[in-house]
2 protein chains.
Amino acid sequence: PPPGKPRPLSLPRGDTFQLANGLTVIHHRKPDLPLVSMELALRSGNEANPPGKPGLTSFTADMLDEGTASRSSLQIADEIARLGATLATGATADASTVQLFSLKKNFAKAADIFADVVLNPNFPPEEVERKRASRLGELVQSRENPSVVAAHALLAALYGPSHPYGYPTLGSEAAVNSTSRQDLAAFWQRHYAPNNAALVVSGDISRGEAKALAESLFGKWQRKTIAVAESAPPATTAARLVIVDKPGAPQTALRLGAVGPDRKTPDYAALEVMNAALGGLFTSRINVKLREEKGYTYGVRSAFQYRRAPGPFEIRTSVRTDVTGPAVEEIFNEIRGVKEKPITGAELKKARDSQLLSLPGAFETTAGIASQLADTFVYELGADYYSKLPAILRSVDGKAVAQAGNRYLAKENLIVVGVGDRAKIEAQLSKLKLAPIEYRDAAGKITNQ
Amino acid sequence: PPPGKPRPLSLPRGDTFQLANGLTVIHHRKPDLPLVSMELALRSGNEANPPGKPGLTSFTADMLDEGTASRSSLQIADEIARLGATLATGATADASTVQLFSLKKNFAKAADIFADVVLNPNFPPEEVERKRASRLGELVQSRENPSVVAAHALLAALYGPSHPYGYPTLGSEAAVNSTSRQDLAAFWQRHYAPNNAALVVSGDISRGEAKALAESLFGKWQRKTIAVAESAPPATTAARLVIVDKPGAPQTALRLGAVGPDRKTPDYAALEVMNAALGGLFTSRINVKLREEKGYTYGVRSAFQYRRAPGPFEIRTSVRTDVTGPAVEEIFNEIRGVKEKPITGAELKKARDSQLLSLPGAFETTAGIASQLADTFVYELGADYYSKLPAILRSVDGKAVAQAGNRYLAKENLIVVGVGDRAKIEAQLSKLKLAPIEYRDAAGKITNQ
């Protein structure tokens with residue numbers, strides 16, 4: 001027996017208002033459980049890294065809860081633990097964020113600490129050194145993971161060394177080593193301002209409570225003039241093939257990528273549907289071909305990463321060393337196939353449904369809601385974005401998918417990165433005539449050969 | 001201003017009933033969002049692996065959604081994707097599970113597929129081979145991660161080669177290679193039975209709907225006699241120090257461990273509080289000492305893994321190669337310290353509160369609720385377990401913590417595993433007089449020297 005009548009799908013809509021100092025506040029009530037999530041999102045992400053300082057945004061965000069004017073790193077962690085709350089700080093491509101999750105009964109106390117780390121971080125020198133060592137350690141470890149190495153090499157090839165997107169969030173060893181306490185404090189001073197931020201509050205809390213809390217915590221925060229980040233344009237390498245040698249590797253970590261559109265592109269919905277059909281789902285064309293038909297891999301996925309500036313499109317997989325060349329060729333065939341074998345009605349329906357029906361899951365928790373609503377601020381999508389998104393996705397048709405594919409996908413545009421045993425994969429890949437070829441090391445730097 | 005009056009903490013309680021064939025059904029209504037999660041949990045986990053076949057339980061669970069009498073692997077994935085649902089199968093130490101998450105409106109259709117993979121898997125030979133290759137690949141990759149290597153070596157040292165807990169969930173290369181389609185089908189035949197399982201349904205669905213659905217999907221499932229898994233007793237190695245050589249490693253992955261109690265131990269709450277104070281929290285004694293005071297590591301954590309049979313207690317960290325010996329010594333000091341420096345009132349309160357206040361977060365989503373309620377069946381904890389747990393945790397006092405520490409923690413019982421540059425760490429560790437010393441390879445096997 002089918003379980004009762006379904007209710008229509010509706011996604012949470014935030015109630016947005018501003019404080020006098022320009023801080024955007026987005027409130028959403030979810031009273032079913034006594035929990036509250038709060039997120040502060042600043043419109044300064046990795047993109048805001050100045051030249052020569054990749055990783056600065058993330059390093060700064062990392063330091064927020066490592067000491068304030070009145071609390072040490074340990075005191076912050078200690079108070080948060082006593083409250084049973086969680087507090088996290090971090091940076092993405094387009095935002096710096098501070099996130100809090102707490103029982104309602106302890107929320108006011110936890111929010112005080114949240115505000116303290118946003119407003120009063122003091123970057124204690126010994127904590128800076130500890131964090132520096134930790135970040136260097138993470139970078140070293142990331143060099144041992146072929147899939148991560150391939151990701152970094154692709155970013156480096158797509159955006160070049162002068163663009164902030166050319167580096168992973170952690171930055172580079174050189175930048176981590178050269179970042180001073182003053183650099184961190186200056187970044188915080190420049191970018192952490194109410195008129196550059198949204199405070200999102202979701203959970204068992206009324207609009208009045210959320211507004212009073214925002215005023216009391218952040219009402220006195222001073223507005224600043226935010227300098228627009230000026231970054232060099234992407235300097236995509238000419239190379240079509242990038243090889244990182246990993247002698248003896250049983251598999252090749254592969255990435256194929258190109259610079260795609262930004263988050264506000266009008267093609268967003270069509271691209272998401274197109275990508276679901278091409279490589280976004282387990283049953284997408286590329287995965288069926290490489291995994292099911294050919295048996296080259298345990299899985300392959302494609303995705304657009306939409307950012308404030310044009311972000312990368314990537315296809316990622318790991319394949320057996322002996323089929324590295326054939327696997328790339330099959331991926332090329334499927335890319336061409338999007339144009340030559342238009343998406344069928346069944347493919348379209350599946351791809352569209354998969355996008356539509358997975359939407360509600362992202363809004364199940366207070367933290368999920370806060371994060372989704374924060375995105376509407378970070379990407380200037382408008383308060384009614386999620387109300388309109390289902391209808392926009394539903395309206396994507398085969399023609400829109402074909403246009404999106406033609407606009408953003410071309411075999412010729414794709415840079416191919418292979419991290420594997422060069423002695424075994426280079427000949428296979430050379431047959432594909434992807435010259436020029438570039439050799440990079442595990443840190444993504446171009447080597448002589 | 002503090003946000004309104006908090007409501008008292010109450011954790012979801014399932015409504016439990018049985019079908020005529022012995023299937024336990026646990027229902028919990030959560031009507032705030034049109035979502036439903038369903039989980040089938042069988043009381044057969046890794047512990048049920050027969051001698052010589054580590055990984056069989058997990059291999060079997062992996063195969064469920066790779067083909068049934070009426071659906072191919074691809075059709076299953078395809079139908080689930082069209083419904084916007086997610087379906088996952090897997091095995092833990094103590095259970096095999098099938099999990100479904102869906103919008104309410106598609107739940108009945110998705111549940112049909114869920115039942116199909118539970119009742120009618122047919123282990124297609126080509127899918128078995130694909131899964132075998134995938135599992136071998138994962139095992140090979142896990143050898144490259146020093147922390148995973150240390151975890152496997154510790155299990156091997158604690159439980160020995162004849163006990164199913166002596167291996168990771170994936171098993172061993174030899175077992176994966178020798179597992180036949182017949183082995184998989186026979187395991188499924190032996191363990192997948194209604195009287196060995198609970199079906200947990202949580203979300204926007206009434207008791208009547210859940211009951212009707214359970215009857216319609218699983219009412220005709222035949223009861224079986226379940227053979228109790230007979231495994232050899234743990235054969236803990238005599239070695240106090242286990243070294244896995246990784247020449248040139250900049251860090252040493254460390255694990256210290258012992259066999260602890262099982263999930264039903266009356267010491268559970270006291271142990272969780274004790275562990276939070278010792279090494280379970282960021283501000284616990286071990287992390288403060290090694291990370292904050294000594295700067296040896298970026299983090300260290302301890303945890304009991306409670307299982308149906310006695311599970312491991314583990315302390316895990318990675319430290320700089322040059323401080324490997326001193327780090328182990330400091331951990332020993334803190335272990336001894338639990339006895340010599342009894343937990344203070346402030347430590348007790350923090351440790352207790354951290355356990356209590358983090359409970360509600362695990363019940364925020366329908367999937368979380370289903371998983372927690374499934375545990376009450378798997379570990380025979382009783383339907384009222386979560387109603388009573390907060391009070392039990394609140395009643396833990398300093399005396400109970402001290403007793404728990406005395407009972408389960410002794411420096412002398414701990415096996416120390418170091419995965420790192422033997423040439424640099426062996427001398428440091430030898431000073432600690434942890435003999436006998438054992439050398440193992442990256443697969444956890446004892447080597448000559």
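Letters A, B, ... are given to chains in the order of the sequence lines, protein chains preceding strands, and every chain is numbered from 1. Just so it is clear, the values below take in all heavy atoms, side chains as well, and ignore hydrogens, waters and symmetry mates.
- Both the backbone and the side chain of A:T366 have a heavy atom closer than 4.5 Å to some heavy atom of chain B.
- Proximity to chain B (any heavy atom under 4.5 Å) is shown, for A:L217, by neither the backbone nor the side chain.
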Trace of the side-chain contact (heavy atoms from CB on, under 4.5 Å) decision for A:F107 with A:F114:
CA-CA 10 Å; A:F107 182 65; A:F114 174 99; over 6 Å; no
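- Using a cut-off of 4.0 Å between Lys/Arg side-chain N and Asp/Glu carboxylate O, A:K30 and B:D32 are scored as salt-bridged.
- With a 4.5 angstrom heavy-atom cutoff, A:R352 does not touch chain B via any of its atoms.
- The two residues A:R143 and A:V149 have their closest heavy-atom pair at O-CG2, 3.4 Å.
- Side chains of B:R207 and B:K211 form a contact here, defined as non-hydrogen atoms less than 4.5 Å apart.
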Criterion side-chain contact (heavy atoms from CB on, under 4.5 Å) on A:E209 and A:K104, from CA distance to verdict:
CA-CA 12 Å; A:E209 286 168 344; A:K104 178 186 174 65; 3.7 Å; yes
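- For A:V36, no part lies under 4.5 angstrom from a heavy atom of chain B.
- The residue among A:N287, A:T365, A:L281 with the most heavy atom pairs within less than 4.5 Å of chain B is A:T365.
- Proximity to chain B is limited to the side chain of A:Q251, based on heavy atoms less than 4.5 angstrom apart.
- Neither the backbone nor the side chain of A:A85 comes within less than 4.5 Å of any heavy atom of chain B.
- With respect to the salt-bridge test (charged N to carboxylate O, under 4.0 angstrom), the residues B:E347 and B:K350 do not qualify.
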Give the intermediate values and the outcome of salt bridge (Lys or Arg N to Asp or Glu O under 4.0 Å) for residues A:E138 and A:R135.
CA-CA 5 Å; A:E138 282 181 66; A:R135 294 172 71 87; over 6 Å; no
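- When each of A:A77, A:S358, A:A351, A:P250 is checked for heavy-atom pairs under 4.5 Å with chain B, A:A77 comes out on top.
- Of the atoms belonging to A:E127, it is side-chain heavy atoms, and not backbone ones, that fall under 4.5 Å from chain B.
- With a 4.5 Å cut-off on non-hydrogen atoms, A:F363 touches chain B through its backbone but not through its side chain.
- For A:N145, no part sits under 4.5 Å from any heavy atom of chain B, backbone or side chain.
- Under the 4.5 Å side-chain criterion, counting only non-hydrogen atoms from C-beta, B:L278 is in contact with B:I286.
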